[in-house]
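Down below is the structure, laid out as structure tokens.
Note that the structure is a prediction, hence the values are computed from the model and not measured.
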Amino acid sequence: MKLNNLIGAAAAAVALSAGASAAATLDDVKAKGFLSCGVATGVAGFEFTDANGEWAGFDVAVCRAVAAAVFGDPKAVKFTPTTAKTRFTALASGEIDMLSRVTTWTFSRDVDLKFEFAGVNYYDGQGFLVPSALGVTSAKELDGATVCIQTGTTTELNLADYFRVNGMSYEPVPVETNAEAQQKYLAGACDVYTTDSSALAASRSTFETPKDHIILPEIISKEPLGPVVRHGDSEWGDVVRWSLNVLMIAEELGVTKDNVAEMAKGTDNPEINRMLGSEGEYGAMLGLPADFAVHVISAEGNYGEIFAKYLGTDTAVGLERGLNALWTQGGLQYSPPFR
């Protein structure tokens, strides 16, 4: 999702002023005793508050994995809800240490806004949600539609490009949050809601009658989503990156929340031993304890366990793994080796 020029310029300016302090994020996080993590204001399955008021979800689990790596405690996190407009300013200013909230990795965000994406935790694409009663079966039938769309996101440009290429017109209905989009869509203020297809499935799962709404078959963009940190602090970027990588490697190697403690005692697989700290000095290379990966996996399990818990086919969101299956199972999720 892409910031408009005004917000982009503001974030870039803040990034420059924050550059001097960016190089000591890990030390700062350790000193204050908790991780500050930016999340969305609420997307079912990805980031939400449970019945106890605790933050949970697929993106939240990445925050907790990083906190577990640094402190051995996945609860050592302060969550800051951000909108599409405020998220990058919060990160650039140092208000948060990392961002984990359905954010697309793009050229301009990486290069121009001076942010670093630590990997991809969900491969997505933009889609369209419409009421079944509209009688539409393809996005190419949406000429003249009113479309709810979040401002400050990549979906704005994607939508404009798609309608232009297909010779269609539309009337945008701007919204700032997913909750506002759902409210306007259900109230009939727009014919269509467009955003990442996973977010559409998440939104639909919260409707009173989900089957009265369909996600059209067209996927009109690439939306690689992942955690974000500031440029200029490779040490901190490595901590976030390898906390995420551990989740994927653990699934690939069969290390789970239930067996990680036993495997940490030593196995016949040298990569498992390196990752869990019984061989080598890999934790020290990151400025972390030798068993940091044990804490990462113990928090909420490996990547597959986290996906199944919050997004999988047995949840209300009901997503298949698809592109987010491991590379060994026909998907795109692939981590560099732990060696």
task = Test K75 against F34 for side chain to side chain contact (heavy atoms under 4.5 Å, CB included), laying out the working first.
result = CA-CA 9 Å; K75 293 186 177 181; F34 62 88; over 6 Å; no

Set of residues satisfying side-chain contact (heavy atoms from CB on, under 4.5 Å) with respect to [X], sequence neighbours excluded:
| X | answer |
| --- | --- |
| D50 | N52, E54 |
| D161 | L157 |
| R164 | none |
| D191 | L134, A145, T146 |

Quick check: closest heavy atoms across [X] and [Y], and the distance to 0.1 Å?
| X | Y | answer |
| --- | --- | --- |
| M98 | V240 | CE-CG1, 4.0 Å |
| A67 | L35 | N-CD2, 4.0 Å |
| A40 | W55 | O-CH2, 3.5 Å |

request  = Give the intermediate values and the outcome of side-chain hydrogen bond (donor to acceptor under 3.5 Å, both in side chains) for residues T155 and T153.
outcome  = CA-CA 5 Å; T155 56; T153 66; 2.4 Å; yes

Out of curiosity, does [Y] fall in the hydrophobic cluster containing [X] (side-chain heavy atoms, cut-off under 4.5 Å, transitive links)?
| X | Y | result |
| --- | --- | --- |
| V260 | V62 | yes |
| M248 | L311 | yes |
| V29 | L244 | yes |
| L186 | L129 | yes |

Does some side-chain heavy atom of [Y] sit less than 4.5 Å from a side-chain heavy atom of [X]?
| X | Y | result |
| --- | --- | --- |
| N121 | D59 | yes |
| S198 | L319 | yes |
| V39 | T80 | no |
| N158 | E223 | yes |
| F128 | L159 | yes |
| N324 | F307 | yes |
| T25 | V229 | no |
| E300 | R64 | yes |

query = Yes or no on side chain to side chain contact (heavy atoms under 4.5 Å, CB included) for Y310 and V317, after CA distance, side-chain angles and deciding distance?
reply = CA-CA 8 Å; Y310 293 115; V317 179; over 6 Å; no

ask   = Yes or no on side-chain hydrogen bond (donor to acceptor under 3.5 Å, both in side chains) for T194 and Q126, after CA distance, side-chain angles and deciding distance?
value = CA-CA 7 Å; T194 184; Q126 185 174 333; 2.9 Å; yes

request  = Only pairs at least two apart or in different chains count here, so list each disulfide (SG to SG under 2.5 Å) that has a residue in residues 234-339.
outcome  =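 Checked against disulfide (SG to SG under 2.5 Å) - neighbours excluded - no pair reaches residues 234-339.
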
message = Considering only residues two or more places apart or on different chains, which pairs with a residue in residues 133-245 satisfy disulfide (SG to SG under 2.5 Å)?
response =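 Output for this query lists C148-C190.
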
request  = Return each pair, listed once, that meets ring pair (Phe, Tyr, Trp, His ring centres under 6.0 Å) where at least one residue sits in residues 273-297; pairs must be two or more places apart or across chains.
outcome  =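 Residue pairs with at least one partner in residues 273-297: Y282-F338.
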
request  = Any pair with a residue in residues 132-158 that passes ring pair (Phe, Tyr, Trp, His ring centres under 6.0 Å), sequence neighbours left out, goes on the list, sorted by first then second residue, please.
outcome  =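 Output for this query is empty, none listed.
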
Donor-acceptor contact below 3.5 Å, side chain [X] vs main chain [Y]:
| X | Y | value |
| --- | --- | --- |
| N273 | G266 | no |
| N166 | M168 | no |
| D27 | A24 | no |
| D143 | G167 | no |

inquiry  = Measuring from atom CD1 of I96 to atom SG of C63, what distance do you get when rounded to the nearest 0.5 angstrom?
reply    =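 So the gap between those two atoms works out to 9.0 Å.
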
request  = Check the pair I149, V175 against side chain to side chain contact (heavy atoms under 4.5 Å, CB included), reporting the backbone distance first and the verdict last.
outcome  = CA-CA 6 Å; I149 185 167; V175 297; 5.9 Å; no

Within a radius of less than 6.0 Å around [atom1] of [X], do more than 12 heavy atoms belonging to other residues, nucleotides or ligands occur?
| X | atom1 | value |
| --- | --- | --- |
| K32 | NZ | yes |
| K78 | NZ | no |
| Q183 | CD | no |

request  = List for me each residue that meets ring pair (Phe, Tyr, Trp, His ring centres under 6.0 Å) alongside F71, sequence neighbours excluded, and say none if there are none.
outcome  =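 For F71, no residue satisfies ring pair (Phe, Tyr, Trp, His ring centres under 6.0 Å) once neighbours in sequence are set aside.
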
Could you tell me if [Y] and [X] have a donor-acceptor pair between their side chains, going purely by distance under 3.5 Å?
| X | Y | value |
| --- | --- | --- |
| Q182 | T206 | yes |
| T86 | T89 | no |
| T328 | E252 | no |

Side chains of residues 207-218: which donor-acceptor partners sit under 3.5 Å, not counting sequence neighbours?
from: T209; atom 1: OG1; to: D212; atom 2: OD2; distance (Å): 2.8
from: H213; atom 1: ND1; to: Y185; atom 2: OH; distance (Å): 2.9
from: E218; atom 1: OE1; to: A139; atom 2: N; distance (Å): 2.9
from: E218; atom 1: OE2; to: S138; atom 2: OG; distance (Å): 2.5
from: E218; atom 1: OE2; to: A139; atom 2: N; distance (Å): 3.4

For E180, all residues meeting salt bridge (Lys or Arg N to Asp or Glu O under 4.0 Å), sequence neighbours excluded =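 Expected list: K184.
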
Partners passing salt bridge (Lys or Arg N to Asp or Glu O under 4.0 Å) against E251 (at least two apart in sequence or in another chain) =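 In terms of salt bridge (Lys or Arg N to Asp or Glu O under 4.0 Å), with neighbours along the sequence ignored, E251 is linked to R321.
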
request  = For R241 and D238, run salt bridge (charged side-chain N to carboxylate O under 4.0 Å, His left out): C-alpha distance rounded to whole Å, both residues' side-chain angles, the deciding distance at 0.1 Å, then the answer.
outcome  = CA-CA 5 Å; R241 179 177 301 106; D238 286 342; 2.9 Å; yes

request  = For the pair R101 and E47, find out whether any cationic side-chain nitrogen is under 4.0 Å from an anionic carboxylate oxygen.
outcome  =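 Salt bridge: no.
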
request  = Hey, can you tell me if F46 and Y122 have their rings parallel, tilted or perpendicular (30° and 60° cut-offs)?
outcome  =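 Answer is perpendicular, since the angle exceeds 60°.
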
F58-Y303 aromatic ring centre distance below 6.0 Å =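 When the ring centroids of F58 and Y303 are compared, they turn out to be within the sub-6.0 Å range.
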
request  = With side chain to side chain contact (heavy atoms under 4.5 Å, CB included) as the test, would you mind laying out the steps for Y193 and V147 before giving the verdict?
outcome  = CA-CA 6 Å; Y193 177 30; V147 184; over 6 Å; no

